[in-house]
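Below: one structure, written as structure tokens.
Letters go in sequence order (proteins before strands), and every chain restarts at 1.
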There are 2 protein chains.
Amino acid sequence: MAQEFSLGTVEVALSPIERFEEFLQSRGKRITVQRRIIVQQVARRHEHFDADQLLADLAKTPDHRKVSRPTVYRTLAEMTEAGLLRKMDLSGRAVYEHDYGYPQHDHLYCQQCHKLIEFSSDDLLKLIDAVSREHQFRVLGHRFIITGQCADCRRSRQANRRLELV
Amino acid sequence: MAQEFSLGTVEVALSPIERFEEFLQSRGKRITVQRRIIVQQVARRHEHFDADQLLADLAKTPDHRKVSRPTVYRTLAEMTEAGLLRKMDLSGRAVYEHDYGYPQHDHLYCQQCHKLIEFSSDDLLKLIDAVSREHQFRVLGHRFIITGQCADCRRSRQANRRLELV
DNA sequence: ATTTATGCAAATCCTTTGCAAATCT
DNA sequence: AGATTTGCAAAGGATTTGCATAAAT
């Protein structure tokens, strides 16, 4: 009944929720009400989020059955392990985004309005490949963020040149 | 006497210490014993370090004149602002490296032994330029870290394939 | 003489943990 | 039943802050 499961062999045929349940089973973990609520809420969100935002979303939910903060953190970690989410550090706090069935991409991060803009680049992948081959490094992932000022903020601050002092 | 100073106009003619003093003056900040001790200690180190390591180094120093932890944090922030150091987040803690007079570079990060390997790539700079131009984004910096397993760790763990579960 | 810096202790922020009670299989 | 999960409260670790005192200009 508990079908053999290993990371990397599953094709994108399962929904995120199914995928998560497979993951749980393969680890002898249980499918609980809270885990279900959390995965569903995460699936509803298509942008980036952190633990607090998720908690806030959950508070608004008809599922008035509460999910505690520790459980959110625990489940987020499991979802990351399951390959559903990608975790990144943005100035001290953990930010998550979907990483299952979503095309690989990286980010432009506006230091002013804190917006994250996605982009993807095949050249980057080639570069990663070349560099790591050269160092005999086994790549398991990467973090690439270009920081600066987004187009919107550039426009609204044209007279105000002191960004670099902020 | 207090010569006009602005980021970006100073060529690499000043030593890191001089550069920092210029920065302090330009901001109406003072050149104190502690700041001098810290910059000198940082200049002695050519690898990456975090606040704790720096504090530990200082403890061993003949400058038995102590520098407190808050002052180290405060000065590290100033040095980053002054463009002497580059700050990055490695799993929750801030790690610093030289960023003045050093060639631009990025890192391979071994998740197993926590080693940082530097590399530099012109192609990456071109890529950053192309991507940000496309999004009308004003680049102020970037963070690029390729994570995985370094050559040494690959060798010593050949029989042990469970890295991805760690 | 002013004003900025320092050190101390305590506070913050985000995240994690110990443990008894509740919940899954 | 037997094991895993949950929620609570409290702990944790890194970094920051309030404030009285010390030091720099």
Which part of the nucleic acid does [X] contact within heavy-atom distance under 4.0 Å: base, sugar-phosphate only, or nothing?
X: Arg74(A); value: base
X: Arg35(B); value: sugar-phosphate
X: Arg30(A); value: base

Rounded to the nearest angstrom, tell me the gap between atom [atom1] in [X] and atom [atom2] in [N].
X: Ile38(A); N: dG7(D); atom1: CD1; atom2: P; answer: 8 Å
X: Lys29(B); N: dT6(C); atom1: NZ; atom2: P; answer: 9 Å
X: Arg27(A); N: dT5(D); atom1: CZ; atom2: C1'; answer: 17 Å
X: Gln34(B); N: dC8(C); atom1: CD; atom2: P; answer: 11 Å
X: Asp52(B); N: dT15(D); atom1: CG; atom2: P; answer: 8 Å
X: Ile37(B); N: dA5(C); atom1: CD1; atom2: P; answer: 16 Å
X: Arg69(A); N: dT15(C); atom1: CZ; atom2: C1'; answer: 9 Å
X: Gln53(A); N: dC14(C); atom1: CD; atom2: P; answer: 11 Å

Can you tell whether the side chains of Asp123(B) and Lys126(B) come within less than 4.0 Å, N to carboxylate O? yes
Determine, for Glu21(A) against Arg35(A), whether the closest basic-nitrogen to carboxylate-oxygen distance falls under 4.0 angstrom. no
Does Pro70(B) or Thr75(B) map to a spot on DNA chain C nearer the 5' end, using the closest nucleotide for each? Thr75(B)
Quick one: sort the Phe144(A) and Phe144(B) rings into parallel, tilted or perpendicular, breaks at 30° and 60°. tilted
Below 30° counts as parallel, above 60° as perpendicular, anything between as tilted: where do the rings of Tyr102(B) and His98(B) land? parallel
5'-most by nearest nucleotide on DNA chain D - Thr32(B) or Lys87(B): Lys87(B)
Between dG7(D), dT6(C), dT15(D), which nucleotide has the shortest distance from any of its atoms to the side chain of Ser68(A)? dG7(D)
Using a 4.5 Å cut-off on heavy atoms from C-beta on, say whether the side chain of Gln34(A) contacts that of Thr75(A). no
Measuring to OP1 and OP2 of dT15(C), would you say a side-chain N or O of Tyr73(A) lies under 4.0 angstrom away? yes
